[in-house]
Structure formats: C-alpha cells, structure tokens
Protein chains: 2
Amino acid sequence: MILKRPQTITSQVNSILRKRIRDGAYAPGSKLPSESDLAAELGVSRATLRQAMTSLVSEGMLLPRQGDGTYVNRRVFEISTRLESFWSFTHMIENSGRKCTIHVLSTQVLPAGQRESDVLEIAPEEPIYVMERLFFADEQPVILSTNIIPVAFFSIAPECCDARVPLNVFLETYCDQWIAYSTSDIRSALPAPQAVERLQLDSDEPLLTFFDVFYNRADQPVAFGLNNYADKRLNMRLVRAWGA
Amino acid sequence: MILKRPQTITSQVNSILRKRIRDGAYAPGSKLPSESDLAAELGVSRATLRQAMTSLVSEGMLLPRQGDGTYVNRRVFEISTRLESFWSFTHMIENSGRKCTIHVLSTQVLPAGQRESDVLEIAPEEPIYVMERLFFADEQPVILSTNIIPVAFFSIAPECCDARVPLNVFLETYCDQWIAYSTSDIRSALPAPQAVERLQLDSDEPLLTFFDVFYNRADQPVAFGLNNYADKRLNMRLVRAWGA
DNA sequence: AAGTGGTCTAGACCACTCC
DNA sequence: GAGTGGTCTAGACCACTTG
C-alpha cells in the first residue's frame with residue numbers, strides 16, 4: 001500500500017522558492033533576499049533554507065555570489081527541459097510546456113533471453129514482463145520505450161496492472177520495489193524499422209538511445225529499459241553547476 | 001594569478017571516503033561504520049560527514065538505508081565513466097581507465113558570425129578565438145571538440161595560450177573567467193566529413209554531439225563548444241540517485 | 001529496545017564583495 | 001565596516017530497521 005508521506009520542511013521551502021521564481025516574484029536576473037532574512041521570513045533555520053536551495057543551485061537556476069547575494073538566473077525559462085528532471089519522461093515533456101500522453105502498445109509475459117537474465121541477474125527462461133509504450137508531446141510521438149521487469153517481483157497479476165504510469169510508480173504500486181539509483185548508457189543509433197514507423201522518422205535520421213538499468217535499495221536490478229528518443233523534437237538539455 | 005586554495009574539511013573527508021572505497025578498505029557490498037562513529041573517528045561533526053557523503057550518494061556509490069546502515073554499491077567499479085565527471089573530457093577518459101592525450105588541431109582568431117554573436121551576446125564581426133582539439137583515449141580518437149571564446153575576454157595575447165588544458169582551466173588562466181554553470185544540448189547526428197576523417201569513423205555511423213554554453217557567475221556567456229563524441233568507443237554513462 | 005540514517009535548529013566563525 | 005554567502009559544530013528529535 002502506498003502511503004502519502006508528509007513533506008519535509010526542506011521540500012516545502014524548495015517548492016515555495018520554485019513557485020516564487022516561476023511566478024516572477026523573484027524575477028530573472030534579480031537578487032534574492034539574504035539567506036538570513038529569507039530563513040527568518042519562512043520561519044526555518046538558515047541550514048534548512050540552504051538545503052532547500054541546493055537543488056536550485058545545482059540546476060543553475062540560482063546563482064549565489066559570495067559576499068554579494070544570490071541571483072536568479074537570467075535564462076531560467078530557457079533551461080526548462082533538463083536531464084535532471086529525467087526520472088520521468090512525463091515530467092520532462094511537461095516541463096517543456098507540452099502535454100504528455102502515453103500509448104501502451106503492448107504488454108506481455110515472455111521467457112527471459114540471455115541479455116535479460118544477465119542484466120536482471122535471473123535464471124534464463126524465467127518469466128519477464130515486457131511493456132512497450134509510446135510517449136507523445138502534444139500529439140507528436142517523441143519516445144519509444146520498452147521496459148522489462150521480472151515477473152517474480154509482481155505482487156498482483158501482471159495482467160491487472162495499469163501500464164500508463166511512470167516506471168517508478170509502476171514498480172512501487174505493483175511490485176513493492178523502490179528505485180534507489182539507475183544507470184543510463186547514452187548512445188546514438190540509426191532507428192530500427194519499428195522505431196521508424198512508431199516515431200514517424202526518416203530511416204536515415206539518427207536518434208538518441210538510452211539503455212537504463214534500475215536498482216533497488218538492496219542493490220538488486222529490478223528493471224531495465226530501452227528508450228528511443230527523438231531528439232529533433234524534444235530537446236535533451238543538461239544543466240550543470242560548476243562547484244568551486 | 002591562480003592561487004591554490006586550501007581544501008575544506010568536507011572535501012578532505014570526501015577524498016578519504018573515495019580513497020577507502022577505491023582501495024577496498026570499504027569493500028563493494030559491505031556496510032560502512034555508522035555516521036556517528038565515522039564522524040568521531042575523523043574528528044568532524046556528523047553534519048560535515050553527511051555533507052561529504054552527498055556526492056557519493058548522488059553518484060550511486062553509497063547506498064544509505066534508514067534504520068540499517070550505509071552500504072557500498074556492489075558495482076562501484078562498473079560505474080566509473082559517469083556524466084557527472086563530465087566537466088572535463090580528460091577526467092572522463094581517465095576515469096574509464098585509459099590514458100588521455102590532447103592534440104591541438106588549430107587555434108585561430110576570426111570575426112564572429114551570426115551564431116557566435118547570438119550565443120555569446122557580442123556584436124557581429126567581433127573577434128573570437130576558435131580552438132579545435134582532438135581527444136585520444138589510449139591512442140584512439142574519441143572526441144572532436146571545437147571551442148569558441150570572445151577575444152575580448154583574454155588577459156594575454158591569444159597566441160601565447162596553451163590550448164592543451166581543460167576549457168575551465170583555460171578560461172581561468174588566460175581570461176580570468178570562472179564558470180558558474182553550463183548547458184549542454186545532447187543530440188544524435190551523422191558526422192560531418194571532417195569528423196569522419198578526424199575520428200576515423202564510417203560516414204553512416206551516427207555519433208553523439210554536444211552543444212555546450214558556459215556562463216560565468218555574472219550570468220554572461222563566456223564560451224561555447226561543439227563536441228563530437230564517438231560513443232561506440234567511450235561509453236557515456238549517467239548515474240542517478242532517486243531521492244525519496 | 002537499541003541503533004541507524006533523516007531532518008532540523010541555533011549559533012559561530014570565515015572569506016568575500018560592496019560601499 | 002557592514003553585510004553576504006560558505007563552512008562547521010553540537011545537540012536534538014524523528015522514522016525506520018533489525019535483533
């Protein structure tokens with residue numbers, strides 16, 4: 001069962017700051033109140049305020065200058081599609097200001113092949129759940145995604161699962177698994193015939209591919225995915241803060 | 001002038017932890033001493049210790065489990081080429097266990113075109129410094145890189161600069177500029193004829209391209225780069241921790 | 001029940017920038 | 001010199017896992 005946990009003070013403060021930036025209360029290029037003042041205004045300690053700011057700083061939205069003040073990035077609104085928000089395709093698409101819809105192309109249970117048993121550390125032929133999905137941004141297909149989960153993890157019958165949710169939510173809801181970390185190998189490739197058709201591409205137009213493996217807190221692989229990403233239609237932007 | 005600044009306690013502790021993991025003092029899959037014990041052993045506060053651990057956690061090398069303990073990722077040594085270490089190609093290549101050498105193909109001063117003046121926010125025709133470099137991993141060419149810096153930033157004559165250093169070091173040394181953050185647009189593309197030749201590729205083999213823009217602490221663009229990345233020869237792996 | 005990591009506080013001192 | 005962000009401490013309480 002999924003219980004909604006109350007948000008921490010830190011994450012609430014983080015949301016407040018994001019909202020103020022988004023709404024223009026803190027305009028692009030402007031200086032924020034000092035950390036002490038902000039902490040006092042919000043009724044939290046300075047340490048908590050700084051903790052809430054870290055993600056905004058690492059995303060490049062806030063630019064702290066020692067001895068001066070903290071400024072809002074002049075280009076906040078140009079850096080909205082970020083690899084950081086990448087744990088959910090839905091998020092990434094909606095961050096780019098477009099509507100995301102998911103088409104489930106197929107879901108099936110198959111025996112694991114060599115690659116599946118290697119990556120997921122299961123016996124060959126063990127049953128796996130395979131789901132194929134297509135993500136649209138404003139009715140335009142942008143991501144063709146295949147995800148694979150060992151059937152052994154499921155706490156209910158695979159046929160009863162709703163595949164239109166993000167993978168992490170799927171794993172939490174139907175498999176009682178929480179993702180601790182994931183690895184993604186990023187490559188460039190010419191699309192397979194199936195991808196050409198589904199994504200409505202030219203066959204000689206290369207696309208980005210992601211090979212993702214998801215691990216739980218016990219360091220076990222719980223799923224992996226193959227994602228074809230139409231980079232011409234949805235920008236993939238990485239923002240990095242250069243600490244010291 | 002570049003002054004070497006003394007390291008913070010946090011970064012020293014971070015280095016100690018990395019070293020202990022690398023040397024096997026904390027073996028893959030094993031549990032670390034508790035945070036309180038570690039802090040006491042190293043003579044720092046628990047807050048500082050946790051601060052030192054954050055980067056290791058976000059890279060997926062350490063896996064904290066509330067109520068239990070903190071474990072070393074079983075696969076630490078498989079996640080060595082990470083996008084996080086990506087602020088320096090040299091670092092990235094050496095992290096993959098190979099030797100990095102840099103060939104400077106050309107350096108020249110040219111008038112800015114439309115794209116250069118747009119991205120760098122300078123007047124058209126203003127002089128820019130263009131450097132083309134080729135990065136090798138163990139004698140194999142892996143990255144073809146073009147970087148562009150407005151000549152106005154230089155504090156010495158551009159001809160006197162050593163282009164065999166990482167871009168951030170170059171900017172600090174010769175331009176008195178520090179990078180605060182950067183954006184990278186990641187795309188897939190068929191290589192230009194020049195890239196085919198330099199990187200010794202097949203012309204129908206797609207590669208990863210990065211369009212990077214670097215900003216200083218005043219939020220001004222100070223440089224941009226176009227990088228062609230032979231993803232078949234050097235893996236581009238992103239590791240992400242899934243917080244809460 | 002004991003021990004672990006997760007969160008939060010109040011206060012201190014430093015390095016730095018601006019006026 | 002005044003004010004800012006950067007670092008660090010000591011201590012507290014909570015949520016959680018394990019024995």
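Residue numbers start from 1 in every chain, and the chains themselves are labelled A, B, ... in the order their sequence lines are given, proteins ahead of strands.
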Trainee: Under 4.0 angstrom, heavy atoms only, what part of the nucleic acid is A:Thr70 near: base, sugar-phosphate, or nothing?
Mentor: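 Result for A:Thr70 = sugar-phosphate.
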Trainee: Return the minimal non-hydrogen interatomic distance between B:Val213 and B:Pro221, and the atom names on each side.
Mentor: CG1-CB, 4.3 Å
Trainee: From CE of B:Met53 over to P of C:dT4, roughly how many Å is that when rounded to an integer?
Mentor: 13 Å
Trainee: Under 3.5 Å, which N/O atoms of the protein pair with N/O atoms of nucleotides 9-14 of chain C?
Mentor:
residue, atom, partner, partner atom, Å
C:dT9, OP2, A:Ser45, N, 2.9
C:dT9, OP2, A:Ser45, OG, 3.0
C:dT9, OP2, A:Thr48, OG1, 2.5

Trainee: Using side chain to side chain contact (heavy atoms under 4.5 Å, CB included) as the criterion, list what pairs up with B:Pro64, not counting sequence neighbours.
Mentor: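 Counting only residues at least two positions away or on another chain, B:Pro64 forms a side chain to side chain contact (heavy atoms under 4.5 Å, CB included) with B:Val57, B:Thr70.
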Trainee: Any side-chain N or O of A:Thr8 less than 4.0 Å from the OP1 or OP2 oxygen of C:dG6?
Mentor: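 Answer no for this pair, as no side-chain N or O of A:Thr8 is under 4.0 Å from OP1 or OP2.
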Trainee: Does either side chain, that of B:Asn147 or that of B:Tyr129, offer a donor lying less than 3.5 Å from an acceptor on the other one?
Mentor: no
Trainee: Expressed as a whole number of angstroms, how long is the span from A:Asn14:CG to C:dT7:P?
Mentor: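 Roughly 13 Å, once rounded to whole Å.
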Trainee: If you take the centroid of each ring, where Trp contributes its six-membered ring, are A:Phe154 and A:Tyr174 closer together than 6.0 Å?
Mentor: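 So the answer is no for these two rings.
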Trainee: Could you give the CG-to-P distance, from B:Asn216 to C:dT17, as a whole number of Å?
Mentor: 13 Å
Trainee: Measuring from atom CG of B:Leu63 to atom OH of B:Tyr71, what distance do you get when rounded to the nearest 0.5 angstrom?
Mentor: 10.5 Å
Trainee: Return the orientation label for the A:Tyr229 and A:Phe89 ring planes: parallel under 30°, perpendicular over 60°, tilted otherwise.
Mentor: tilted
Trainee: Can you measure A:Glu35 atom CD to C:dA15 atom C1' for me and round it to whole angstrom units?
Mentor: 14 Å
Trainee: B:Gln51 has an atom CD; how far is it from atom C1' of C:dT7, in whole Å?
Mentor: 14 Å
Trainee: Mapping B:Leu32 and A:Gly67 to their closest nucleotides on DNA chain C, which lands nearer the 5' end?
Mentor: B:Leu32
Trainee: When you measure from the side-chain N and O atoms of A:Arg65 to the phosphate of C:dC16, is any distance below 4.0 Å, counting only OP1 and OP2?
Mentor: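 For A:Arg65, the contact criterion (side-chain N or O under 4.0 Å from OP1 or OP2 of C:dC16) is not met.
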Trainee: Can you label the angle between the A:Phe224 ring and the A:Phe211 ring as parallel, tilted or perpendicular, going by 30° and 60°?
Mentor: tilted
Trainee: Taking CG from A:Asp68 and P from D:dA2, how many angstroms apart are they, rounded to a whole number?
Mentor: 18 Å
Trainee: Tell me: CH2 of B:Trp178 to P of C:dT17, nearest whole Å?
Mentor: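 The distance from CH2 of B:Trp178 to P of C:dT17 comes to 10 Å, rounded to the nearest Å.
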Trainee: Please give, in whole Å, the distance from C:dT4 P to B:Leu62 CG?
Mentor: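 Spelled out: CG on B:Leu62 to P on C:dT4 is 16 Å.
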